[in-house]
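Just so we're on the same page: letters track the sequence lines, and every chain starts at 1.
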Amino acid sequence: MINGTVVALSRWQFAMTALYHFLFVPLTLGLTFLLAAMETVYVTTGKQIYRDMAQFWGKLFLINFALGVSTGLTMEFEFGTNWSFYSGFVGDIFGAPLAIEGLMAFFMESTFVGLMAFGWQRLTKVQHLIVTYLVALGSNLSALWILVANGFMQDPQGAKFNPLTMRMELHDFPALLFSPDAQDKFVHTSIAGYVTASVFVLGVSAYYMLQRRHMALAKRSFRMAALFGVLATAGVITLGDALGFVGGHAQPTKLAAMEAMWHTEAPPAPFNVAAIPSQSQQRNLWTLQIPYVLTPLITHTTTQSVPGVDTLEAQAVQRIKNGIPAVEALKRLSSNPNDPQALTQFDAHQADLGYGFLVQRYAPNQDVALATNADIAKAARDVIPQVAPIFWTFRVMVAMGLLMLAFFIAAVMFTLRNDAEKHRWFLKLALWMIPVPFVACEMGWLVAELGRQPWTVYQMLPTWMAASSHTVGYMVFSLAGFLLLYSIFIAVEMYLMVKFIRLGPSAHGRESPAHGGGSAGTYAPAAMLK
Amino acid sequence: MEAYVILKSLWWLLLGVLLMGLAIMVGMDMGVGTLLRFVGRTDTERRVALNTIGPHWDGNQVWFILGGGAVFAAFPLIYATAFSGLYVVMLLLLWTMIVRPLGFEYRSKLPGKNWRNAWDWLLFLSGFLPMVIYGAAVGNMLDGVPFHFDWDMNSHYTGSFITLFNPFAIVTGLVSLSLSIYMGGAMLMGRTEGAVYERARKAVIGGGLVAAVLFALAGVWVSFLPGYQLVAAPDPGAAQTPLQQTVTVASGAWLHNFGAHPALWLVPVLGFAGMLLGMLAAGNHKPILTWWLGALAWIGVIGTAGAAMFPFMMPSSSDPSQSLTVWNSVSSAHTLAWMTGWTAVFVPLVLWYTSWAFYVMRGKVKSEAIEADEHAY
């Protein structure tokens, strides 16, 4: 029925295009708020330099924004082009947040971003400020709806399977919107964007300070980014903990993989700081442990038990056995939706429908009625995602978060003492820190999405069923096309970004006579603050 | 009539409105992209042309994104079946569309002649090709597409992508392209002067003329094309899948709706009227009227396709009884009700601030202003 290679290639394509898109999104989310903050200072104090800051960073923002918009289009297509069974299966509930995102958020962001760039001469100061805030609001609301959609895949709240239409349907919109997983994920992710933008602005400002160029602009940007960044990093860590807490309960298999817990241990269980997990042997070949720490970390208690891989697999066997009659009933309902016996059988077993699908792949002729105990055991093994990559991407993300917290605390200290430019090592470090938040964001995506496997919709729809039934040739064609285009895009974007950073604010001083003294020339060291 | 039937029909109409919004707004920008090299002979002229839509293309593009989102949310089976079935064509559409934002944003960032020429041609391609594909997609829907479903509603497309470029689909693709050239020209007329204005005016008249001729040709062609008819199906108000109906195919069946409701003939008449009066308005140097008449033409053209096919949305040529209709591919009543609420609040809001954005940026784009504004494209 479905070719395993096609599913694998579809997964690679989605992961690559999503990770690529997610290189540009966090910077957009955070930079809009920094732009709004700079412009707010300009409007309230009337100081020209803050307008120049908003315009300079705005220019870099737009270079990044264009590629974010482009690659976002791909995501909108890809559910339908490559995950068509998924799209039909959950479109009733998953499509709604995507449509509302367009209607409520993306329209706002995109309409006002045009006015933000082109409206400096045509809008009053206050009008332009409001426009900038609407761009920030729009991009963040956009993230909200996208993550509500993603939250549904992680923890499907507010939906019910309808055997008459063969799909999941919405039955409680507020439950979908206010799903704890979605809400924590939204705050965690958007704040991660604020961290990203802060590191970016801080790094680029440090570059100018190292070169003693544009000092007035660089020092003010440095300070704003440091303050914004320290708050954001503290927030991202707090919400990360909350997300771990919520996710740990909603997705025990992801949690077991994140912590490389092969066996359920009596609380308080030890925490694996580092480990070499072996999936085939279902154990850690080597670990570095801190005793007792895991239980309070995960459950916020000392007595609650955290299920390991062994317990989760045993539970899966039971659920698969209970899910098989649900799939059988569904097949009968497909040809006769009014079969009362099938309906009763489906109702009794529908809680484990997804587990029934899980074994379908291994059953002879994909007929779950013929599934043997060996097939069931294989399917049960599948419920544990790949432990090693999840364990390590999670640790890299956390380590980077803590590193950035220390970095921002130092930055705040220096900027409050007003001597950041004297610590050249720190300025150099700031420049090298620029890639860190981008990598951390990508790691976060990997933890979330690899950890969701083997499901596309957690415990409802296995990934192997969700893909479109294409040929391998089609997939190679599309992968090659994306690879080619995206490589060119990133080269062009990076080239322009680096070029415009190197040129600095002076590159945009052409219009200075129109509004007096905005050109780079006035940023000579003599005109520095103090 | 029960509420679910009303909701289903309402969302069919709303989808139509979104497609019209997409065709009018995105089509206009793509028309400017297609015309860029031809209305602008010098770099400054091209920059003037680009900057007429500079502040708006991004907002306009959301009509497309919203269109996709609305199909996904309101007609999930259409989204799933069409996007995966037309895979190669969808990728061509996507790849040309994702170059466009970069073209706008990056083209004038560097002064090099080769750099700018390369982006100009990419903007041409990303205006020209998507419009042909949109139109061809509608043509293929009228023609029927070979697909069928498994028992669990997994869809399989059994044609090759070459068949999607059949002669009829190319004609509908060119209708769409020429109307977008008309609209791009109308926008350029409104916001430029001198040589660019004159060339744009010619493009409007040319685009309108070709569109009118091809639209008429497509109409005649459709009357010979096999059309689809619902013979037996569950009640429109029932929750259902496409596995429970019987559909027949008969030549000329796409005209049955017009036969049953002769008032529907007003829809294609509206399309022709928009094109013909629009050309007249362009001849008389009335850019705003030209634009609105072009929008009317789009409403007529898309409305005609919808009126002919209703209740079909995506007929299956290989297994007609598994064709997708408004009744069997739609979302649940609960989803449609929520979506209706969001739409009722936000569509008026979007229309209001979009109009405001156009009002703020009103007037002619002058070359001196572009030279002075560092944010200009």
Side-chain angles (χ1 to χ4, degrees), chain A residues 62-63 66-67 69-71 73-74 76-77 79-81 84-85 87-88 91-93 95-96 98-104 106-107 110-111 113-115 117-123 162 164-167 169-171 173 331 334-335 468-470 474 478 481 485 489 492 496 508 510-511 514, chain B residues 54-56 58-59 61-62 65-66 68-70 72-74 76-77 79-84 87-88 90-91 94-95 97-98 101-102 104-106 109 150-156 239-241 243-244 331-332 334-335 338-339 342-343 346-347 350 353-354 357 360-361 372-376:
Chain A
L62 286 172
I63 294 174
L67 206 39
V69 169
S70 270
T71 52
L73 277 174
T74 303
E76 176 97 16
F77 271 68
F79 295 109
T81 51
S84 77
F85 186 75
S87 300
D92 191 89
I93 184 162
L98 292 193
I100 297 167
E101 186 258 348
L103 195 57
M104 174 186 193
F106 201 54
F107 248 127
S110 303
T111 305
V113 86
L115 286 182
F118 287 82
W120 285 103
Q121 317 288 350
R122 297 199 178 221
L123 296 167
N162 183 350
L164 297 181
T165 49
M166 295 278 160
R167 66 184 181 199
E169 291 183 352
L170 177 70
H171 83 118
F173 192 86
K331 214 166 180 171
S334 170
S335 46
S468 305
S469 36
H470 290 311
Y474 268 25
S478 58
L485 275 180
F489 287 176
V492 171
L496 284 176
H508 94 125
R510 275 176 297 164
E511 61 172 337
Chain B
H56 308 299
D58 195 8
Q61 182 174 259
V62 183
I65 292 167
L66 185 59
F72 199 174
L77 268 186
Y79 175 79
T81 313
F83 276 56
S84 63
Y87 193 60
V88 175
M90 282 292 166
L91 286 172
L94 172 67
W95 289 339
M97 280 197 73
I98 60 179
L102 306 185
F104 284 117
E105 200 58 58
Y106 296 167
K109 284 267 184 289
D150 294 334
W151 70 268
D152 61 0
M153 301 312 298
N154 191 28
S155 70
H156 297 271
Q240 54 191 286
T241 67
L243 304 181
Q244 297 145 6
S331 282
S332 66
H334 199 82
T335 297
W338 271 100
M339 294 288 298
W342 288 100
T343 307
F346 281 98
V347 165
V350 166
Y353 62 62
T354 303
V360 168
M361 300 309 300
D373 183 1
E374 49 106 12
H375 287 287

Next on the checklist: Does the plane of the ring in B:F72 sit parallel, tilted or perpendicular to the ring in A:F79? Use 30° and 60° as the thresholds.
Outcome noted: tilted
Item to check | Residue A:L67 versus chain B: region with a heavy atom under 4.5 Å | outcome: both
Checklist entry - Yes or no on side-chain contact (heavy atoms from CB on, under 4.5 Å) for A:I63 and B:K109, after CA distance, side-chain angles and deciding distance? => result CA-CA 9 Å; A:I63 294 174; B:K109 284 267 184 289; 3.7 Å; yes
Checklist outcome for this item: When the 4.5 angstrom heavy-atom criterion is applied to A:S468 and chain B, the contacting part is side chain
Checklist entry - Any idea which of A:N162, A:L164, A:D92, A:I93 has the most non-hydrogen atom pairs under 4.5 angstrom with chain B? => result A:D92
Item to check | Geometric class of the B:W338/A:F173 ring pair [parallel <30°, tilted 30-60°, perpendicular >60°] | outcome: parallel
Item to check | Closest non-hydrogen atom pair between A:L73 and B:I98, with its separation | outcome: CB-CG2, 3.9 Å
Checklist entry - With only heavy atoms counted, which part of B:L243 is less than 4.5 Å from chain A, the side chain, the backbone, both or neither? => result side chain
Checklist entry - Contact part of A:L103 toward chain B, heavy-atom cut-off under 4.5 Å: side chain, backbone, both or neither? => result both
Next on the checklist: Whether the side chain of A:S334 engages the backbone of B:W151 through a donor-acceptor N/O pair (distance < 3.5 Å, no angle test) should be reported.
Outcome noted: yes
Checklist entry - Measuring heavy-atom distances to chain B, does A:H470 have an atom under 4.5 Å in its side chain, in its backbone, in both, or in neither? => result side chain
Checklist entry - Do you know which two heavy atoms are closest between B:P76 and A:S87, and how far apart they sit? => result CB-O, 3.7 Å
Checklist entry - Where is the tightest heavy-atom contact between A:S84 and B:S155, given as atom of each residue plus distance? => result OG-OG, 4.0 Å
Item to check | Shortest non-hydrogen contact between A:A99 and B:M339, atoms and distance | outcome: CB-CE, 3.5 Å
